[in-house]
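One structure below.
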Protein chains: 2
Amino acid sequence: MTTERLRDLIETMPTELPPLTVELVRDLDIAEHLAIADVAALTGLSPHTLRYYERIGLVDVARDAGGRRVYDRDAVGRVVFITRLRDSDMPIASIARYVELVKQGPETEPERLALLEAHRADVLVRLRDLQAALAVVDYKITTYGGACGS
Amino acid sequence: MTTERLRDLIETMPTELPPLTVELVRDLDIAEHLAIADVAALTGLSPHTLRYYERIGLVDVARDAGGRRVYDRDAVGRVVFITRLRDSDMPIASIARYVELVKQGPETEPERLALLEAHRADVLVRLRDLQAALAVVDYKITTYGGACGS
DNA sequence: ACTTGCCTTCGACCGCACTCGAAGTCCTAC
DNA sequence: GTAGGACTTCGAGTGCGGTCGAAGGCAAGT
C-alpha cells in the first residue's frame with residue numbers, strides 16, 4: 001500500500017534534512033490521495049491542526065465515500081505552503097486573506113504579490129530585531145560577572 | 001525639570017537608531033529616579049505592561065511618598081534587559097526564572113549563564129528557520145505566476 | 001476650591017493559535 | 001460478528017502575553 005510506504009519513508013527519512021518545499025512534495029507524493037495522518041506525518045502538524053486549518057478556510061479538502069478527508073497533491077502543496085508562511089510568523093488572518101485572493105482568480109495576483117512582499121519586509125525586520133537582541137544576549141554571556149541591570 | 005527634559009529628549013531622538021542597551025541607559029539617565037511614563041517612553045512598553053512585569057515579579061520597583069512607582073537606574077536597566085530578552089522571544093517564564101536566580105545571589109551564576117546560552121541556541125535555531133521560511137516566500141515572489149500549491 | 005491629569009490597585013478580559021474531549025462512524029482483521 | 005483503531009463533527013478549553021476599565025488618590029495649575 002502506498003500510504004504505508006509513505007509513512008515508512010517519512011519515518012526513515014534523515015531527520016529534518018530537506019526543508020520540504022512545495023516542489024519537493026510534487027516528487028515525494030507517490031500516492032495521489034493522502035489520509036490526514038499521512039499529511040500530519042509529512043508536515044509535522046497534528047491532525048487536529050489540519051482540521052482546524054480546513055475549518056477556518058485555509059484549505060479545501062475532499063472526502064471519500066466514508067466521509068474521510070482525502071488530500072490530493074494540490075491540497076498537500078497548499079498545506080505545506082501554509083506551514084512555511086506560519087514558520088515565518090505570518091498571521092493566520094493574512095494567510096486567510098491570501099487564500100481568499102487565490103480563490104478569487106488570477107486578476108488578484110498583484111494584490112497577492114503585494115501581500116507576500118509586505119510579509120517579506122516584516123520578516124526582514126524581524127530578522128534584524130532578532131539579531132540585535134541576540135547581540136545583547138551574547139554581550140551578557142561574554143561579560144558574565146558584571147552586575148549591570150541583570 | 002529633568003523628567004520633562006528626558007521626555008523631550010526621547011521625542012526628538014532620531015527614531016529607533018540606538019538599540020538602547022543597558023549601557024546606553026547608564027549614560028542617558030540624567031535623573032536618578034524615573035516615573036512610570038518616563039520608563040514607558042524610554043522602552044516603548046506601555047505603563048500597563050510595566051505594571052504587569054512588576055506584578056509577575058520581573059522587576060521590583062520602589063514607591064515614593066505618594067505611593068507612585070519610582071524606577072531607579074537599576075530598575076530601568078533591568079526593564080531594558082528584559083525587553084531585549086522578550087525581543088528575542090524568550091518566554092516570560094524563563095525570564096522569571098533568570099530573575100529569581102539573580103535574587104538568590106552570585107552562586108547561581110553558572111545556572112544563569114546556562115539559561116542564557118540555552119536561549120542563545122534557541123535564537124540561532126529560530127534565525128535559521130526564519131531564513132529558510134523567507135527563502136520559500138522569496139521563491140514564491142520571484143516565480144509569481146506559477147500555480148503550484150498556492 | 002476645583003479641575004485636570006497622571007497615578008494607584010484589582011480583577012476581568014482579549015486575541016491568537018491551537019488543542020482537546022465527547023460522542024459517534026466506518027473500515028479492517030480476526 | 002465483533003473488537004480495534006483511526007476517522008468524523010462540534011464546541012469548549014488552554015496558554016501565552018498582554019490589555020483594559022473601574023474606582024479612587026494625589027498634586028499642580030487657575
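Atom set for the values below is all heavy atoms of this structure, side chains included, hydrogens, waters and symmetry mates excluded. Within every chain, numbering begins at 1; the chains are lettered A, B, ... in the order of the sequence lines, protein sequences first and strands thereafter. Note that the coordinates shown come from a computational prediction; the quantities given were computed from them, not determined experimentally.
Side-chain contact between Leu130(A) and Leu127(B) is present, with heavy atoms from C-beta onward closer than 4.5 Å. Within the 4.5 Å cutoff, side-chain heavy atoms of Lys140(B) are placed close to those of Phe81(A). Looking at heavy atoms from C-beta onward, Asp138(B) lies in side-chain contact with Arg120(A) at the 4.5 angstrom threshold.
If you measure from atom CD1 of Ile56(A) to atom P of dG15(C), you get 16 Å, rounded to the nearest angstrom. Spacing between atom CG of Leu45(A) and atom P of dC20(C) amounts to 14 Å, rounded to whole angstrom units. For the pair Leu50(B) CG and dG18(D) P, the interatomic distance rounds to 11 Å; values are reported in whole Å. Ile36(B) places its CD1 atom 17 Å from the P atom of dC26(D), with the value rounded to the nearest Å. Note: NE2 (His48(B)) to C1' (dC14(C)) measures 13 Å, nearest angstrom. Atom P of nucleotide dT19(C) and atom CZ of Arg86(A) are separated by 10 Å, given to the nearest angstrom. Regarding Ile95(A), its CD1 atom lies at a distance of 8 Å from the P atom of dC18(C), rounded to whole Å. Atom pair Asp64(B):CG and dG25(D):P shows a separation of 16 Å (rounding to whole Å applied).
Between Gly66(A) and Val70(B), it is Val70(B) whose nearest contact on DNA chain C lies nearer the 5' terminus. Comparing Met90(B) and Gly67(B) against DNA chain D, the residue whose closest nucleotide sits nearer the 5' end is Met90(B).
In this structure, of dA17(C), dG21(D), dT8(C), it is dT8(C) that holds the atom nearest to the side chain of Arg63(B). Closest to the Tyr52(A) side chain, of the nucleotides dT8(D), dT19(D), dA17(C), is dA17(C). Distances from the side chain of Ser46(B) to the nucleotides dT19(D), dC7(C), dA17(C) place dT19(D) closest.
OP1 and OP2 of dA17(C) both lie 4.0 Å or more from every side-chain N or O belonging to Thr49(A). In terms of phosphate contacts, Arg69(A) brings no side-chain nitrogen or oxygen within less than 4.0 Å of OP1 or OP2 of dA6(D).
Looking only at atom types and distance, the side chain of His119(B) has a donor-acceptor partner in the side chain of Ser88(B) under 3.5 Å away.
Counting non-hydrogen atoms under 4.0 angstrom, Pro47(B) reaches nothing in the nucleic acid.
Interface remark: the Arg55(A) side chain does form a donor-acceptor pair with the dT19(C) base, using a distance-only criterion of under 3.5 Å. Taking only distance into account, the side chain of Arg68(A) never meets the base of dC27(C) through a donor-acceptor pair shorter than 3.5 Å. Counting distance only, with no hydrogens placed and no angle test, the side-chain atoms of Arg51(B) and the base atoms of dG18(D) include no donor-acceptor pair under 3.5 Å.
Checked by atom type and distance alone, the side chain of Ser46(B) pairs as donor or acceptor with a backbone atom of Thr49(B) at under 3.5 Å.
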